Amino acid sequence: MNYDFKEIEKKWQGYWAKHETFKAHNDSDKPKYYTLSMFPYPSGAGLHVGHPLGYIAGDIYARYKRHKGFNVLHPMGYDSFGLPAEQYAIQTGQHPAITTETNINRYREQLDRLGFSFDWSREVRTSDPKYYKWTQWVFIQLFNSWYNTDTDKAEGINTLTAIFENEGNLTVNAVCDDDTPGFSADDWKQFSKTEQEKILLKYRLTYLAAAEVNWCPALGTVLANDEIVNGVSERGGHPVIRKKMTQWMMRITAYAQRLLDGLDTIDWPQPLKDSQTNWIGRSEGASVIFKVLSPTPSEGGGVYSRLTGDSSMIGVLLERAKEMRKNPTPAEDSLWQALRNKNLDVKFRRQHPIHKYIVDFVSLEKNLIIEVDGEIHQYQLNEDAERQLLLEQKKGFKVIRFTNNEVLENIEGVISKIKGHLDSPSLGGGWGEDPSQSEIEVFTTRPDTIFGVSFMTLAPEHELVAKITTAEQKAEVEAYIEATAKRSERDRMADVKTISGAFTGAYAEHPFSKAPIPIWIGDYVLAGYGTGAVMSVPCGDQRDYDFAKHFDIDIPNIFEGVDISEEAFADKEKTIIANSDFLNGLSYNKAVKRAIFELEQLGQGKGKVNYRLRDAVFSRQRYWGEPFPVYYDANGMPQMIADEHLPIELPEVEKYLPTETGEPPLGNATNWAWDTNTNKVVSNDLVTPSAVEGSNNGIYPLELNTMPGWAGSSQYFNRYMDPHNDKAIYSEEAVNYWEDVDLYIGGSEHATGHLLYSRFWQKFLFDRGIAPKEEFARKLINQGMITGTSAFANQGYVTGYKTENGFEGKRASNVIFLLKQNENGKKDKFQYSNNDVKYVFFSSDYEYIEEYKKGEFAAPFNQVIPHRFDVGFVENNILNIEGYASNHDSFKDSLFVVPGGFWLNGKFTELFEGKSRVFVTRPEVEKMSKSKYNVVNPDAICDEYGADSLRLYEMFLGPLEQSKPWNTAGITGVHSFLKKLWRLYHSGSNGAFHVADSPSLEGLGEAFKTLHKTIKKVEEDIENFSFNTSVSTFMICVNELTAQKCTSKAILEPLAILVSPYAPHIAEELWEKMGHQTSIAEAPFPKFEAKYLVESSKEYPISFNGKMRFTLELSLDLNKDELEAAVMAHEKTQAQLAGRTPKKIIVVPGKIVNIVG
RNA sequence: GCAGGGAUGGCGAAAUGGCAAACGCAGCUGGUUUAGAACCAGUACUCUGAGAGUUCGAAUCUCUCUCCCUGUACCA
């Protein structure tokens, strides 16, 4: 009976599904083991052989743990929200849910063929409303929480409001926005509800902010930092620009230190930990405050820039403002005339850029903004509110609003209202203020070098730039800002060598020496890191050094015995400070401490820890993602929808693109408003403009953004524990039983995305008592990538060829010169002419390709370029020409040139006798990808060799964590192993099943030795995730048992269990044939017994001066001296020594004997 | 630049201080059989990226260098 893998695999896959063999139970006396593979995004391309690697490893471990008596949870699901389905929807109009469903079905089919022991009853899909209900729920928990620095954990927002009511916020130590104002308990009580909510938003763990984001115009969405590669989008490679938008943010920075500390408690790969550590980027140093000096009269002091716009967008805004001034609305025009004629004693500007907005009218000296609104789209309410919030709180302006009607019908009333505001005492100050009140805060890791400061550099986007720039420098600074704003992030990165900057004309005061320090701006200082300003120490920092050299700024040396004439000196260890007053002679460590101490005495600095980690942007302008459970009330404040009304399901839209007004795709939905009376999603038409007093009907617009890809994947590992619970994210019993993931397997590309965010959410859930463990995965393994082998050959690139309209292009293109052997064996030029030939390919072993490249045969070709052939038609680097040409229409009429001649339309023309006729491709290892024509489909492998062969082979390829090239040819090795294994159990006549039931244990010594050697090795290998070596071990074992003609059940039964985690189908089949009624899945793993491996003697290698010369079989009972005596007495030893006396004899019992001399 | 990982036959690799190359692919020789293939038996090659050190003994530990991969970057 032959090994019929097709039949066997189908049979057992059916059996497992029918009997729910791998269903995990939440109540069991067995110890739990939770092994998880990262769930896939179900892409349209399906699986290739690289994808299952991690799943196979996880499955082997899961099956092994079942044999070891654990209650194993091994679930699988789909990360089914994502961009490709949405892109496909945009192109075809097909709903992403349909695309996703189709893809999932295809994935499932492919996964099922591989015989995984997944508990499919627990499947989750992130795009399923029943699942994302709980993603929305976690978001609400985050919204309702703040981070208490005193207790060092997240707490409910009610504990915060309780403090505010009793003490105000001055005693609160919390992670919050930088611009949070201080207030007393009385102030708090005086605040309106909206004002209170604005304050609370500064504390919540998820909050709204105008964040500078990575905007990808081509994709119409914001991307996270980890979704950008080399300045372009990871998906599609589109350019990315910086843009300010109001976004939901996650206050992950609150957890920076704990995310760092937690790494010590988990068994994750060091490179992964390192990249998280770098991403969090903790640096210790000091924050130092520099006072800005008053400008001297000679610098024309007192004239400060009126530039109030956000510097990064100023160019665009100015253009826009100019245009708007030219085309005022009637109401704007009327108010402008009135403001100029009414003798208000205050100068107004119209259409003036402030921050990222253009306001209608503004008095810069009075900090008063007047806005005139026309008919506005309801969704703009939210934006207006946000704009007002920003202008009032961040920029210190007062904003008053009028409608067009008010202005046109009652201009006198409007003017008197404005007068009232102008007279109110709260206005004033602002942009007229003296810059010497200003302070520049910097972060430095080298406070010890404070006396080396010879200038300061601000990021061009820094807030103070406009304020401190002197009249003389204004033009230069503005020009520089504009130039920088135009440069994309990519340009800036590509060109880090160019040094650029501008002098502001202003000076700061050195905190100790009180010397004036010039203030520059330069784009090597990043607005997004630290405070966006640096104290420049050219002698100690290469960037500062280069900047100083370039602009001819003084470079004082504050290091003892160091030459800084060529470059900066940055070695902390060797630092001895000089020329630095009280720091003289101190080492780095001591100087840092002293400098911080002195700064604290002055009140101009303190020790500080800075993190590179930024709060994470949580809004995406996409359709195919989780909708936020958020609506905006009449004041534009975000409100959470109560838990019991979740999920808020994605609305239907007609188009999946952003709206014409630039709103996210959900802006296309017609049913996307929240009725607080009925708690239902209702038509947008029911929303009334809240600007009109008293028309509030309790129906509000819903949030238009959706959540990012990492939202759903940040809680799925917990949800698997109790996936169908609709009352809670999971039951307490379930989470207390499973607790956390014991083994997590997945790719390292998620290091700073999914794996960091998930840790953040888990810590948050832990703080709030929702999860029992602070880290969600104890052990993590990164499987390596399986690379593909692309098949290259050269293509002569022809621009002109015959078409239906006659010949197009160059006439020469259809003449191909080749070499031909003449009668004398010499080579002649051979001219081949055929108008139908479109492409010419040269076999990789075609000798004259160089001459083509050099142009010696160049007439027909523009160039010779490499061409990738579909690896499906390549075997052992030989192309199946006919198969390839007939399956690729465009290459049908191609000429395939080989050393012996050429092929065209299946016919061979010989030019050289006896030379090769096969077309050879050149293999090159690349990432496996459809576009590289090098993907290998697991289905084809399963058809030809079976799932067990594929599983074994993927493991056999090499160490799990290493990247390795795929080579289908090698699979015959493991496949014939399986056949040998099968034959071992079918040693009867005609291959009949034969396993001896009642063996005589006598005479099985060798077999037991083989078995237990195998048990020991396989068990060790699985525990160490060294799956490749256990496959070898199986091969050795089967080879040995076959040689021993072993048929004993006592050997073959345990062997089937050993093999079962790797090749479960064949193991089940053999198990059944040996008389078992139930699945092998929970059969106890064979117990290793050392007694079978006890040896009485050993082949000792005998070395002379470390070189092995021969071996001697000696008893293991001999002690050192006896061994030495036995070896020295031997004739071979004497022969080697040839009369010399050894200086020294090293005897290691059980290992080796080494004779020196 | 920084951080991490790596370099062993023609290829994938094994050996973590003690007989280098187990196991498999490819190659070669022979056999059995065949529509194709498959199967069986046998077999060669190469000496651990370079250099130095520690050691009785180094692929393995230490140092220096070279090259490759991965991640990350004006991070103050």
Side-chain angles (χ1 to χ4, degrees), chain A residues 225-226 229-230 269-279 281-283 285 442-446 449 457 459 492-493 495-499 522-526 528-537 540-544 546-547 570 610-613 748-749 751-752 782 784-785 787 789 876-877 923 925 952-953 956-959 961-977 979-980 983 1026 1028-1037 1039 1099-1111 1142-1148 1150-1157:
Chain A
N225 285 338
D226 54 278
V229 179
N230 296 329
Q270 196 56 42
L272 200 152
K273 288 185 181 183
D274 288 343
S275 61
Q276 291 208 349
T277 306
N278 289 336
W279 193 260
R282 181 193 154 101
S283 49
V442 301
F443 174 75
T444 177
T445 52
R446 298 292 303 271
T449 63
T457 316
R492 257 166 102 156
M493 271 165 59
D495 160 49
V496 296
K497 296 277 182 290
T498 313
I499 295 157
D523 70 357
Y524 81 97
V525 178
L526 304 177
Y529 184 77
T531 59
V534 299
M535 57 175 233
S536 303
V537 184
D541 182 287
Q542 195 56 40
R543 287 156 305 163
D544 295 341
D546 295 340
F547 195 87
N610 204 40
Y611 296 93
R612 198 190 79 115
L613 185 72
S748 58
E749 66 273 21
T752 52
N782 289 132
M785 193 175 37
T787 47
T789 310
N876 290 330
N877 302 330
V925 170
L952 277 174
Y953 188 52
F956 185 65
L957 276 177
E961 307 202 27
Q962 193 174 304
S963 111
K964 50 224 166 234
W966 179 265
N967 171 20
T968 305
I971 199 169
T972 54
V974 291
H975 187 64
S976 54
F977 156 72
K979 287 195 277 192
K980 277 185 214 163
R983 271 203 305 276
S1026 173
N1028 53 328
T1029 48
S1030 33
V1031 179
S1032 312
T1033 307
F1034 289 137
M1035 291 174 173
I1036 295 166
C1037 174
N1039 288 344
E1099 283 279 302
Y1100 274 93
I1102 312 300
S1103 348
F1104 293 80
N1105 297 320
K1107 298 255 181 295
M1108 201 278 292
R1109 296 300 175 195
F1110 56 89
T1111 59
K1143 285 192 192 121
K1144 198 173 174 185
I1145 300 167
I1146 313 287
V1147 180
V1148 185
K1151 289 219 161 162
I1152 201 167
V1153 177
N1154 190 17
I1155 299 165
V1156 185

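Remember, predicted model here, so these are calculated numbers, not experimental data. Just so we're on the same page: letters track the sequence lines, and every chain starts at 1.
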Taking any heavy-atom pair under 4.0 Å as a contact, classify A/N1039: base, sugar-phosphate, or nothing.
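Since only primed, P, OP1 and OP2 atoms lie under 4.0 Å of A/N1039, the category is sugar-phosphate.
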May I ask you to say what A/S536 touches in the nucleic acid, namely base, sugar-phosphate or nothing, with a heavy-atom cut-off under 4.0 Å?
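Nothing, no heavy atom under 4.0 Å.
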Say you pick atom [atom1] in [N] and the same atom in [M]; how far apart are they, in whole Å?
N: B/A7; M: B/A14; atom1: C1'; result: 16 Å
N: B/A3; M: B/A21; atom1: P; result: 38 Å
N: B/A58; M: B/A20; atom1: C1'; result: 12 Å
N: B/G53; M: B/G9; atom1: P; result: 25 Å
N: B/U48; M: B/U8; atom1: C1'; result: 4 Å
N: B/G42; M: B/A22; atom1: P; result: 15 Å
N: B/C67; M: B/G49; atom1: C1'; result: 8 Å
N: B/U66; M: B/C28; atom1: C1'; result: 36 Å

Between [options], which nucleotide gets closest to the side-chain atoms of [X]?
X: A/P271; options: B/G4, B/A76, B/A26; value: B/G4
X: A/N967; options: B/A76, B/C25, B/A13; value: B/C25
X: A/T444; options: B/G4, B/A76, B/C74; value: B/A76
X: A/R612; options: B/C25, B/A76, B/A73; value: B/A73
X: A/F956; options: B/A76, B/G24, B/G4; value: B/G24

Taking [atom1] from [X] and [atom2] from [N], how many angstroms apart are they, rounded to a whole number?
X: A/N278; N: B/G1; atom1: CG; atom2: C1'; result: 13 Å
X: A/D541; N: B/G1; atom1: CG; atom2: C1'; result: 12 Å
X: A/F1034; N: B/G24; atom1: CZ; atom2: P; result: 14 Å
X: A/K964; N: B/G12; atom1: NZ; atom2: C1'; result: 10 Å
X: A/M1035; N: B/G12; atom1: CE; atom2: C1'; result: 12 Å
X: A/E961; N: B/A13; atom1: CD; atom2: C1'; result: 16 Å
X: A/L957; N: B/G24; atom1: CG; atom2: P; result: 15 Å
X: A/I1102; N: B/G57; atom1: CD1; atom2: C1'; result: 14 Å

Starting from the C-alpha separation in whole Å, work towards a yes-or-no answer on side-chain contact (heavy atoms from CB on, under 4.5 Å) for A/I971 and A/F956.
CA-CA 9 Å; A/I971 199 169; A/F956 185 65; over 6 Å; no
Determine whether A/Y953 and A/T968 satisfy the following criterion, side-chain contact (heavy atoms from CB on, under 4.5 Å), listing intermediate values before the conclusion.
CA-CA 9 Å; A/Y953 188 52; A/T968 305; over 6 Å; no
Minimum heavy-atom distance between [X] and [Y], given as atom pair plus value:
X: A/A459; Y: A/L526; value: CB-C, 4.0 Å
X: A/G532; Y: A/V525; value: O-CG1, 3.5 Å
X: A/P269; Y: A/N782; value: CG-OD1, 3.4 Å
X: A/Q276; Y: A/A751; value: NE2-O, 2.9 Å
X: A/R612; Y: A/N278; value: NE-O, 3.4 Å
X: A/I1145; Y: A/V1153; value: CG2-CG1, 4.3 Å

Judged by atom type as modelled, is there a donor-acceptor pair below 3.5 Å linking the side chain of [X] to the main-chain atoms of [Y]?
X: A/T1111; Y: A/Y1100; answer: no
X: A/K980; Y: A/N1039; answer: no
X: A/N610; Y: A/S283; answer: no

Please determine whether a side-chain nitrogen or oxygen atom of [X] lies at a distance below 4.0 Å from atom OP1 or OP2 of [N].
X: A/K1143; N: B/C56; value: no
X: A/R543; N: B/C75; value: yes
X: A/K1144; N: B/C56; value: yes

Are A/T457 and A/S536 close enough that a side-chain donor and a side-chain acceptor fall under 3.5 Å?
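Short answer, yes.
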Check RNA chain B for consecutive Watson-Crick or G-U pairs with both distances under 3.5 Å and list the runs of at least three as stems.
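B:1-7 with B:66-72, B:10-12 with B:23-25, B:27-32 with B:38-43, B:49-53 with B:61-65 - these are the stems of 3 or more pairs that involve RNA chain B.
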Protein and nucleotides 14-21 of chain B: nitrogen or oxygen contacts under 3.5 angstrom:
| from | atom 1 | to | atom 2 | distance (Å) |
| --- | --- | --- | --- | --- |
| B/A14 | OP1 | A/N1028 | ND2 | 2.9 |

Describe, in one word, how the ring planes of A/F1110 and A/F1104 are oriented to each other, choosing from parallel (under 30°), tilted (30 to 60°) and perpendicular (over 60°).
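Rings of A/F1110 and A/F1104: tilted, 30 to 60°.
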With nearest nucleotide decided by heavy atoms, which residue, A/M785 or A/V1031, maps closer to the 5′ end of RNA chain B?
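It is A/V1031 whose nearest nucleotide is closer to the 5' end.
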Decide yes or no on side-chain contact (heavy atoms from CB on, under 4.5 Å) for A/M1108 and A/I1152, but give the supporting numbers first.
CA-CA 9 Å; A/M1108 201 278 292; A/I1152 201 167; 5.9 Å; no
Under 3.5 Å, N/O pairs linking protein and nucleotides 40-47 of chain B:
| from | atom 1 | to | atom 2 | distance (Å) |
| --- | --- | --- | --- | --- |
| B/C40 | OP1 | A/R983 | NH2 | 3.2 |

